[in-house]
Structures are given as C-alpha cells and as structure tokens.
Amino acid sequence: MQLSSVVASPMLLLQLCIDTLRFIFASVFSKVCYGTSRVCWGPISSAAPVDRKVDQVQDQNATTPTSVNYHFTRKCNYKCGFCFHTAKTSFVLPLDEAKKGLKLLKGSGMEKINFSGGEPFLHEKGDFLGKLVQYCKQDLQLPSVSIVSNGSMIKEKWFQKYGDDLDILAISCDSFDEPTNQLIGRAQGKKSHVDNLHKIRRWCQQYKVAFKINSVINTFNVNEDMTENILQLNPVRWKVFQCLLIDGENAGEKALREAERFVISEQLFQEFLERHSSVPCLVPESNEKMRNSYLILDEYMRFLDCRDGRKDPSKSILDVGVREAICFSGFDEKMFLKRGGKYVWSKADMKLEW
C-alpha cells in the first residue's frame with residue numbers, strides 16, 4: 001500500500017495505529033504473565049494456584065473407601081425385631097448401574113466390598129448377587145468380596161456357580177436355641193435356623209469360602225453361652241454386636257421396628273464378652289465402635305451418615321461421584337481401624353485348610 005493512499009484514508013490510518021498498539025500491549029503482557037509469575041493466564045493450568053492448593057488439600061484429606069458395605073436391597077424374609085436396615089423401599093438398582101457404581105468405588109481405592117441387605121439372596125434368587133460377586137472379583141479384581149446373609153435362601157448350586165469368586169460368607173445367627181431365634185424373629189416358619197447354619201458351614205468348607213458368623217447380642221440371648229457351638233463351627237471371625245438403635249429404622253415414630261425392648265446395657269454386653277473370652281475368633285463391637293465406623297451404601301448408592309443416631313443419606317455416587325458423596329458419610333476411619341476393620345480378608349491369604 002502506498003503512503004499517499006494511507007494519508008488519503010483516515011480510517012485506514014486509524015486501523016494501522018490500533019493494530020500497532022495491540023501488538024505492543026500483547027508483547028508486554030505476554031512477558032509479564034508467562035515470563036515471571038505465571039499467575040494471570042496461560043496454557044499451564046486453567047485453575048488458579050489457590051484453587052489448585054485447595055484441591056490438593058482436599059485430595060490429601062479425602063476419605064478412601066477401603067471397605068464398603070453395599071446394602072443393595074432392603075427386602076427380607078425374616079423379621080428380626082432389632083433390624084437396623086429395614087424394608088422401607090423395594091428398590092434395587094439395575095445390574096449395569098450397580099456395576100457402574102462399584103467401578104467408581106474401585107477407582108477411588110476400594111479393596112473390599114461386602115454385600116448385604118435386607119437379605120441379599122432374596123433378589124432374583126441370588127443370581128443378581130452372584131453376578132455382582134463375579135464382577136467385583138473377575139473384572140474389578142478386588143482383594144476381598146464378602147456377603148452377609150441370614151442363610152435361609154442359599155442353595156448349593158449358588159456355591160457351584162459363584163463360590164470361586166467369594167472370599168467370605170457371614171451368616172447371622174443370634175442364638176443356638178431355636179425358641180430364642182423365634183422370639184428374636186430370626187426364623188422363617190418352622191425351619192431350623194441352626195441346622196441350616198451347619199449345612200452352609202459344610203458348603204463353605206467344600207467350595208472353599210471363608211465362613212464367618214455375626215451375632216447381635218440383645219435381651220433374649222445376653223445370658224446364653226455360645227462357646228461350644230462357636231468352637232465347633234470354627235468360623236474365621238465371630239462378630240459380636242451390641243444391639244444398636246437407629247432412629248427411623250428400629251426406633252422412633254417412622255420406624256418399621258421397635259427395638260427398644262432388645263437393647264442391653266454396656267455392662268451386660270461386657271459380661272457376655274467375658275463369658276466368651278476363650279473363643280479366639282471373637283471380634284466384639286459395642287455401640288460406640290459400630291455406629292460410625294462403617295461405610296454404608298444404601299440401595300440408591302448413597303452413603304449413610306449415622307452420627308446423629310439416624311441414617312442421613314448423601315447424594316448418590318452415580319450422580320456426584322465418590323469424592324463428593326463420601327464427604328457426607330460421617331465415616332470415622334480411626335474407629336474403623338481401632339475395631340479391627342482392616343484384617344486379612346482375602347481367602348487366598350488366609351491359609352485355610354479346606
């Protein structure tokens with residue numbers, strides 16, 4: 001372009017000045033932002049340093065879901081009077097959605113998953129549960145996969161199909177006296193809960209699944225001596241819980257159970273423990289140890305916060321992810337470790353004699 005044409009056109013001259021100034025300012029700001037503090041902008045990070053520091057602190061303080069209890073169903077065929085996870089809904093996630101959530105948990109550090117209910121073998125006659133067990137062991141390759149069940153719905157063919165992928169099966173048994181089980185509600189018709197317990201114990205031995213027993217100590221069994229029966233069954237762990245009240249579940253106006261009549265004092269619970277102190281596999285859990293030391297997922301994959309004596313749900317991990325949801329879990333990791341929540345939980349490491 002000739003100089004005469006520029007002079008002749010004020011608009012072109014103005015545009016030339018603007019372009020020149022823009023180039024000068026761009027050069028100056030580029031040196032300030034990239035060459036010195038790198039605080040203003042640039043391709044290094046879209047987040048400000050303060051935000052990055054906050055994120056780093058949150059990552060360091062975030063709870064790792066090492067061991068998770070997934071209560072994927074609330075439905076049950078028993079009517080235990082002290083039950084603290086009752087059939088308030090009949091909802092069960094579709095299998096693919098449940099697997100998606102389990103994968104998110106694995107990505108956040110989960111090492112052990114425990115499936116519970118309700119009665120987990122009730123839904124789809126145990127096939128839904130079996131598919132979750134297989135997925136967690138074969139696809140996610142979790143070190144430990146376990147189940148808590150009342151045992152009434154378990155068939156031998158389930159062990160034949162899914163037993164290889166199950167590390168631990170815990171059967172709930174509160175008494176070795178059948179009338180006591182009837183009083184508690186740990187029964188279905190006239191079937192013997194104790195006979196069924198022994199049958200499942202044999203299947204666990206046959207199909208190489210570690211066998212565990214859970215007992216809730218309450219008004220009706222607190223004076224019982226279970227030593228001989230427990231030693232005979234020889235579980236890898238005998239979890240002994242003090243009966244716990246949870247508002248909205250087994251206590252309060254909106255509860256489906258009234259567990260107040262089952263509650264025992266700390267002194268009575270300690271006396272029960274002393275009576276069974278010779279049992280090597282005994283793992284006691286008082287109300288204090290139990291209340292906040294479990295990471296519990298409900299049927300919608302929401303963490304349940306029990307700190308205020310009730311179950312306050314977080315948002316679902318399927319909606320907000322594990323990192324955000326777990327902040328509302330109320331989980332006490334120190335108490336989890338204190339109660340022995342971390343133990344040898346893979347059957348490959350237990351060195352059991354099958």
Side-chain angles (χ1 to χ4, degrees), residues 58-72 84-85 101-116 120 132-133 135-137 140-149 165-172 204 208-216 230 234-242 244 269 273 276-277 279-298 301 303-307 314 317 322-323 325-352:
Q58 288 177 343
D59 286 339
Q60 292 172 357
N61 295 334
T63 299
T64 300
T66 307
S67 176
V68 178
N69 298 272
Y70 177 26
H71 296 248
F72 66 83
F84 56 85
H85 201 76
L102 292 167
K103 187 175 182 179
L104 290 174
L105 289 164
K106 169 62 186 303
S108 296
M110 180 175 69
E111 298 176 18
K112 180 181 185 293
I113 183 69
N114 179 59
F115 296 108
S116 188
L132 291 180
V133 168
Y135 176 73
C136 287
K137 183 58 74 171
L140 299 184
Q141 296 186 344
L142 292 182
S144 183
V145 180
S146 67
I147 298 170
V148 174
S149 168
D165 296 315
L166 182 64
D167 290 278
I168 304 170
L169 176 61
I171 302 298
S172 299
C204 285
K208 299 182 180 180
V209 175
F211 178 71
K212 176 182 170 185
I213 297 176
N214 288 354
S215 300
V216 178
I230 295 296
N234 192 28
V236 294
R237 283 164 73 87
W238 179 33
K239 291 286 285 292
V240 174
F241 303 98
Q242 182 183 3
L244 177 67
F269 183 63
L273 297 179
H276 296 86
S277 59
V279 179
C281 59
L282 172 63
V283 181
E285 288 194 15
S286 63
N287 287 174
E288 179 188 6
K289 288 184 178 180
M290 181 182 177
R291 190 183 301 276
N292 305 319
S293 65
Y294 285 83
L295 274 175
I296 301 175
L297 276 183
D298 72 0
M301 285 197 155
F303 287 110
L304 299 178
D305 183 349
C306 301
R307 284 177 294 183
S314 69
I317 64 172
V322 175
R323 179 182 174 187
I326 206 169
C327 293
F328 300 91
S329 65
F331 180 59
D332 186 343
E333 189 169 10
K334 290 183 179 179
M335 185 59 76
F336 165 74
L337 296 173
K338 183 178 179 180
R339 69 167 173 81
K342 189 76 180 286
Y343 58 97
V344 179
W345 51 32
S346 174
K347 65 182 179 182
D349 299 327
M350 292 181 187
K351 300 179 182 179
L352 298 174

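Computed from a predicted structure; not experimentally measured.
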Donor-acceptor contact present, side-chain Ser346 to main-chain Pro143, <3.5 Å: yes
Taking every non-hydrogen atom, the tightest pair across Val322 and Pro65: CG1-CG, 4.1 Å
Over all atoms of both residues, closest heavy-atom pair of Ile113 and Met110: CD1-SD, 3.9 Å
Side-chain heavy atoms of Asn234 within contact of Phe211, under 4.5 Å: no
Salt-bridge contact Arg291-Asp332 (side-chain N to carboxylate O under 4.0 Å): no
Lys289 (side chain) donor-acceptor with Arg339 (main chain) under 3.5 angstrom: no
Identified side chain to side chain contact (heavy atoms under 4.5 Å, CB included) counterpart of Lys212 within the set Val148, Val283, Leu169, Ile168: Ile168
Separation of Leu105 CG from Ser67 OG (nearest 0.5 Å): 11.0 Å
Short side-chain to backbone donor-acceptor contact, Lys239 and Glu285, under 3.5 Å: no
Main-chain N/O of Leu295 paired to Ser329 side chain as donor or acceptor, under 3.5 Å: no
Heavy-atom side-chain contact between Phe328 and Asp305 under 4.5 Å: no
His85 and His71 aromatic ring geometry - parallel, tilted or perpendicular at 30°/60° bounds: tilted
Polar side-chain atom of Lys112 near backbone of Val145 as donor-acceptor pair, under 3.5 Å: no
Closest approach of Asp298 to Tyr70 (non-hydrogen atoms, all atoms of both residues): O-CE1, 3.5 Å
Residues, nucleotides or ligands: over 12 heavy atoms within 6.0 Å of Phe241 CZ: yes
